[in-house]
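Structure first, then comments.
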Amino acid sequence: MAKYIFVTGGVTSSLGKGIISASLAKLLQARGLKVTIQKFDPYINVDPGTLNPYEHGECYVTEDGAETDLDLGHYERFLNIFTSQANNVTTGRIYQTVINKEREGAYLGKTVQVVPHITDEIKRRMLLLGKEGHDIVITELGGTVGDIESLPFIEAVRQLQWELPDEDCLVVHLTLIPYLKAAKELKTKPTQHSVKLLSQEGVNPDIIVCRTERPLSPEIRRKIALFCNVKPDSVIESADASTIYEVPLNMMREKLDQICLKKLAITNYHEPELTRWKEFLDKLKYPKSKVNIGLIGKYIELQDAYKSILEAFVHAGAMNECSVNVVNIHSEFITRENVDEKLGNLDGLLVAPGFGMRGIEGKILAVKYARENGLPFLGICLGMQMAVIEFARNVLGLKDAHSTEMDPDTNNAVIDLMDDQKKVTAKGGTMRLGAYPCELREATLARSIYGTAVISERHRHRWEFNNAYLSDFEEKGLIASGFNPESGLVEIIELPTHPYFIGVQYHPELKSTVENPHPLFVSFINAAKDFAEEKNARKKPSLQGEIV
Ligand code: GLN
């Protein structure tokens, strides 16, 4: 039987519930327990797939093709496990299930209500992963205690706390302890209020995790414990960390895992095995070199929009013992006149995924610069499609080459809507989504990077390379090196005459974890390191030159 940990948040949003949940899960996993995490989001969208990244950050995609909250990315990166559709549930999905059942007549004439029908469906989903052989299921509740839309979720937790044996369920509440500069004091009142609010809704937290900029003194801990009705050792300090990957170790120091194990009466665990995690952190903290990587996108102001890409850089940087300085470059503002200046100091260029017309021409200019200057280039999804368009326009001489996403009437649709997408009209969950196999051509960069003939990667797109142009591209030197074995769709393109130029139709960033950094990112950073070294060597006057 699985045990359940619920993580709620109070005082403000953005306290890092996802990171705390993932860190606790990591520690429990490192002690030999089988752990999974799920996220319950109170918004009405059925899933975040239709949400603009400005609203909710990146849309993360799981193996089974679910479009999910970006916190699932953290769960996978920390735990090195695959999550699935079942790990992310929204109010919209709960209501959709209940309303569909009502239409089917499943409620036998009953009045369908928030309590018990919606809360029952929430509880059913909360317990679902517990039936799959996990020792512990951690459920992160999105939103902040006190939000109207979180109420049914809190009520479901209250009922489960009441229904499950005491040692099978616990609640961790994450709050903020602000520091008031003028008073030179940490303040506990917002936390007290937030716990009171939660208690009014019937849920008494077992553990309070306090986000704080300054250490909590024993007096402060005692005060929080007293007013929040928990034991002093259940007040956990979560100080700001230099990297999210330090948080599990900070939580271990605070004994968060041990307190959970004790409260859940779990005894079959060992000391945490975190050797690889610590090795990774060491490499991350003490890099031996540095590269500047340009990230060309259109949501640059918002770091959450490219979360998985940024984290994949962190993993690949550590693997290369190299600090990756990501230079955010807004594609809308790249022009023919400023491209050299904007990209001149880079050691590598990543053109990001995306949708729609905005910023497209800037991305194409950036690809051209990378192709002509031997700058390591990685194009992801839309980034790969832009590389194809750039080559078509500037090497094949097809001046109007485009994707029909941006120009439906182009005479040279080198990127075209996939056949099975042509009849699709509904928006949510209808792209080509999730993991697909890809066969790698021998003697290509892709094959050497992966070191294997068949790979599996995750997708999220509607458009694709138009195979009618394949031979024209290959004649001029841009080759296809990865294909879907069933459909023949081109999944990877590369330029063998360039030191490192590769575009992929899938999203490698979604599969990079601390323990398995993605080979494409690792090789890209390695190529950037080489580029930086050569650049520096060229800059330094030769010894002979100096003597002369
Ligand atoms: N808009 C493009 C498509 O749908 C690329 C999608 C993406 O970058 N994820 O094919």
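Ligands are counted one by one from 1 in listed order, and the atoms in each one are counted from 1 as well. For this chain, numbers begin at 1 and follow the sequence in order.
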Using a 4.0 Å cutoff against the non-hydrogen atoms of [X], which atoms of ligand 1 qualify?
{"X": "R460", "answer": "6 (C), 7 (C), 9 (N)"}
{"X": "H507", "answer": "9 (N)"}
{"X": "C381", "answer": "5 (C), 6 (C), 7 (C), 8 (O), 9 (N)"}

Exercise. Report yes if G354 has an N/O atom closer than 3.5 Å to an N/O atom of ligand 1; otherwise report no.
Key: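 Yes; at least one N/O pair falls below 3.5 Å.
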Quiz item: Do any nitrogen or oxygen atoms of W463 lie less than 3.5 angstrom from nitrogen or oxygen atoms of ligand 1?
Solution: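 N/O-N/O distance below 3.5 Å exists for this pair.
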Quiz prompt | Residue portion contacting ligand 1 (non-hydrogen atoms closer than 4.0 Å) for H461 | solution =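 Both parts.
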Exercise. Specify side chain, backbone, both or neither for E464, according to which of its non-hydrogen atoms lie closer than 4.0 Å to ligand 1.
Key: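 E464 to ligand 1: no contact under 4.0 Å from either part.
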Practice problem: Would you please classify the geometry between the Y500 ring and the F524 ring as parallel, tilted or perpendicular, with 30° and 60° separating the classes? | Solution: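 F524 and Y500: tilted rings.
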Quiz item: Heavy-atom distance under 4.5 Å between the side chains of H134 and V35, does that happen here?
Solution: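 No - every pair of side-chain heavy atoms lies 4.5 Å or more apart.
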Practice problem: Using the ring of Y436 (Phe, Tyr or Trp, six-membered ring only), decide whether R432 places NZ or CZ under 6.0 Å from its centre and within 45 degrees of its axis. | Solution: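 Yes - R432 lies over the ring of Y436, closer than 6.0 Å to its centre and within 45° of its axis.
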Quiz item: So, W277 versus F78, ring centres under 6.0 angstrom or not?
Solution: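 Under 6.0 Å, so yes.
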Quiz item: Distance only, no hydrogens: is a donor on one side chain within 3.5 Å (strictly under) of an acceptor on the other, for H402 and N412?
Solution: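 The criterion, which ignores hydrogens and geometry beyond distance, is not satisfied for N412 and H402.
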